[in-house]
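Notes follow the structure.
For the numbers below, each heavy atom of this structure counts, side chains included, while hydrogens, waters and symmetry mates do not. Because the structure is a prediction, the values reported are computed rather than measured.
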Amino acid sequence: MSRVFLGAALSAVCLAASAPVLAQKQVLKATDVHPLGYPTVEAIVRMGAKLEKATSGRYSIQMYPSMQLGGEKEMIEQAQVGALQIARISVGPMGPIVDELNVFNMPFVFKDEAQMRKVIDGPIGAEMLTKLSNSSARLIALGWMDAGTRNVYSDKPVTKPADLKGMKIRMMGNPIFVETMNAMGGNGIAMGFNELHQALQSGVVDGAENNEPTLFAQNHYQTPKGKVYSLTGHLIIPEIFVYSKVSWEKLSKADQGLIRKLSREAQLEQRKLWDAYVGEATGKLKAAGIKFVPADKEAFFKATQPVRDKYGAKYAGLIQRIRDTK
């Protein structure tokens, strides 16, 4: 009997000793609206592999792609309460939370994608991340991601503002985007991304606007309203990936530093993945018969001047810094 008690006691000691080690192993939940293999998703998956290796398995990242945890609105809400840790979201929904971010949401604020990259990689990008982290959003901004140039797609060419007359075009849920489309000649309709495919299929909207990888990866090109891709180039909006502040504050300083380091690497790695994917998606879209149509960007630039005047006045200094970024 004494041997039984002794064995039980030793087992209890061993379990108690191992419990803290087991408790330290954490699976971080990450989410994205796009499918596996998409550049923003793949960059976080690779970041997770690096994190697991660097911590000897103490941390790992479980990716939930393809809107498994909802659209961007739901992703933000879940991150805010710590139900998930990492979310990749558009800057659009963040504009109402951190006002300065709306600078990136204005039409034609960047000369081209190359300038946009220099801005997010430099002091302005760093300042924006800090502002978001210090805001009331309950999110820690980890880094930026590329999202290319947004163009209009529908069932007919859109080469000038007059072509958009009477057309309902889905836009992200930010007044700047809706007003941008209205200024371009169309009727901007705020709609969640998770609702868009069905809306394009059923004709609830006459079109949408986004980059080539999204048109391809979300199969929007297979809907009746995704057959013509008009190169309006009206928006170049970087995207952002964030960490739940509730979860962040439970990390040690060393682990926070490691995640920040890996996030910077993910930002640069995603860019390489993005460039390759844009080429691949464009090729497949053209092979599927999608028409790529040049548009009069100067006409759309002039048409959207009222939007820049309305929203850009209070950011005059910041806009000048963006223009001065070479």
Side-chain angles (χ1 to χ4, degrees), residues 11-70 72 74-89 94 120-121 125-126 128-135 137-147 238-274 276-277:
S11 297
V13 170
C14 289
L15 285 172
S18 62
V21 177
L22 292 172
Q24 287 179 359
K25 292 184 177 293
Q26 294 188 45
V27 178
L28 309 178
K29 293 171 67 175
T31 187
D32 199 307
V33 300
H34 294 298
L36 288 174
Y38 194 88
T40 56
V41 178
E42 179 63 20
I44 298 299
V45 169
R46 294 187 183 189
M47 176 179 161
K50 291 181 181 180
L51 181 63
E52 188 167 7
K53 182 178 180 181
T55 60
S56 300
R58 213 162 31 85
Y59 287 101
S60 62
I61 292 178
Q62 175 64 52
M63 171 59 72
Y64 292 86
S66 302
M67 293 181 277
Q68 289 181 30
L69 302 183
E72 292 191 335
E74 292 78 17
M75 289 159 50
I76 292 170
E77 291 171 350
Q78 291 175 67
Q80 287 174 326
V81 298
L84 61 85
Q85 282 67 54
I86 300 173
R88 195 285 311 156
I89 50 180
M94 289 287 96
I120 62 174
D121 286 348
M128 292 292 195
L129 295 180
T130 299
K131 284 181 182 292
L132 177 54
S133 297
N134 292 339
S135 75
R138 289 176 287 160
L139 301 170
I140 298 297
L142 294 179
W144 299 100
M145 288 190 173
D146 275 49
E239 297 184 333
I240 201 165
F241 59 111
V242 298
Y243 201 100
S244 164
K245 191 169 187 176
V246 174
S247 302
W248 183 260
E249 291 175 344
K250 297 176 183 177
L251 299 173
S252 69
K253 294 295 184 184
D255 288 340
Q256 290 177 356
L258 174 61
I259 290 174
R260 285 196 184 280
K261 172 181 176 292
L262 296 179
S263 295
R264 179 65 175 185
E265 293 176 9
Q267 175 172 322
L268 299 177
E269 187 163 19
Q270 187 267 347
R271 183 167 302 166
K272 296 178 182 177
L273 294 168
W274 180 262
Y277 197 86

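- Rounded to the nearest 0.5 Å, atoms CE (M94) and CD (E239) are 12.0 Å apart.
- For the pair D255/Y59, a side-chain contact is recorded, criterion being any heavy-atom separation below 4.5 Å from C-beta on.
- The side-chain heavy atoms of V45 and I61, taken from C-beta on, include no pair separated by under 4.5 Å.
- S135 places a side-chain N or O within 3.5 Å of a backbone atom of A137 that can act as its donor or acceptor partner.
- Between Y277 and G37, the closest heavy-atom pair is CE1-O, 4.0 Å.
- Q270 has its side chain out of reach of I44: every pair of non-hydrogen atoms, C-beta onward, lies at least 4.5 Å apart.
- The heavy-atom pair separating W144 from P238 by the smallest distance is CE3-CB, 4.0 Å.
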- [ ] Evaluate side-chain contact (heavy atoms from CB on, under 4.5 Å) for I89 paired with M75, printing each intermediate quantity in order.
- [x] CA-CA 8 Å; I89 50 180; M75 289 159 50; 3.9 Å; yes
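- For the atom pair CD of Q26 and OG of S247, the computed distance is 8.5 Å after rounding to the nearest 0.5 Å.
- Using a 4.5 Å cut-off on side-chain heavy atoms (C-beta onward), L69 and E74 make no contact.
- The main-chain N or O of G48 is never found under 3.5 Å from a side-chain atom of E52 such that the two would form a donor-acceptor pair.
- Panel note: side chain E42, backbone L36; no donor-acceptor pair is recorded below 3.5 Å.
- A donor-acceptor pair under 3.5 Å links the side-chain atoms of Q256 to the main chain of W248, judged by distance alone.
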TODO: Just do the side-chain contact (heavy atoms from CB on, under 4.5 Å) check on L51 and L28 with the steps written out, would you?
DONE: CA-CA 10 Å; L51 181 63; L28 309 178; 3.8 Å; yes
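- Side-chain contact of Q267 with D121: a donor-acceptor pair under 3.5 Å is present, judged by distance alone.
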Open item on the list: One pair to check against side-chain contact (heavy atoms from CB on, under 4.5 Å): Y243 and I259. What are the steps and the verdict?
Closed with: CA-CA 10 Å; Y243 201 100; I259 290 174; 4.1 Å; yes
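- Heavy atoms of other residues, nucleotides or ligands lying less than 6.0 angstrom from NZ of K131 number 12 at most.
- Considering only heavy atoms from C-beta on, K29 stays 4.5 Å or farther from I86 through its side chain.
- Between the T31 side chain and the A87 main chain, no donor and acceptor come within less than 3.5 Å of each other.
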Open item on the list: With side-chain contact (heavy atoms from CB on, under 4.5 Å) as the criterion, how do R88 and V41 come out once you've worked through the C-alpha distance, each side chain's angles and the decisive distance to 0.1 Å?
Closed with: CA-CA 8 Å; R88 195 285 311 156; V41 178; over 6 Å; no
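- With a 4.5 Å cut-off on side-chain heavy atoms, L262 and K50 count as touching.
- Taking the side chain as every heavy atom from C-beta outward, L273 and Y38 never approach each other to under 4.5 Å.
- Of all heavy-atom pairs spanning S133 and A141, the tightest one is OG-N, 2.9 Å.
- With a 4.5 Å cut-off on side-chain heavy atoms, I120 and M145 do not count as touching.
- A donor-acceptor distance shorter than 3.5 angstrom exists from the side chain of S244 to the backbone of A79, with no hydrogens or angles considered.
- Considering every non-hydrogen atom in both Q85 and V27, the closest pair reads OE1-O, 4.1 Å.
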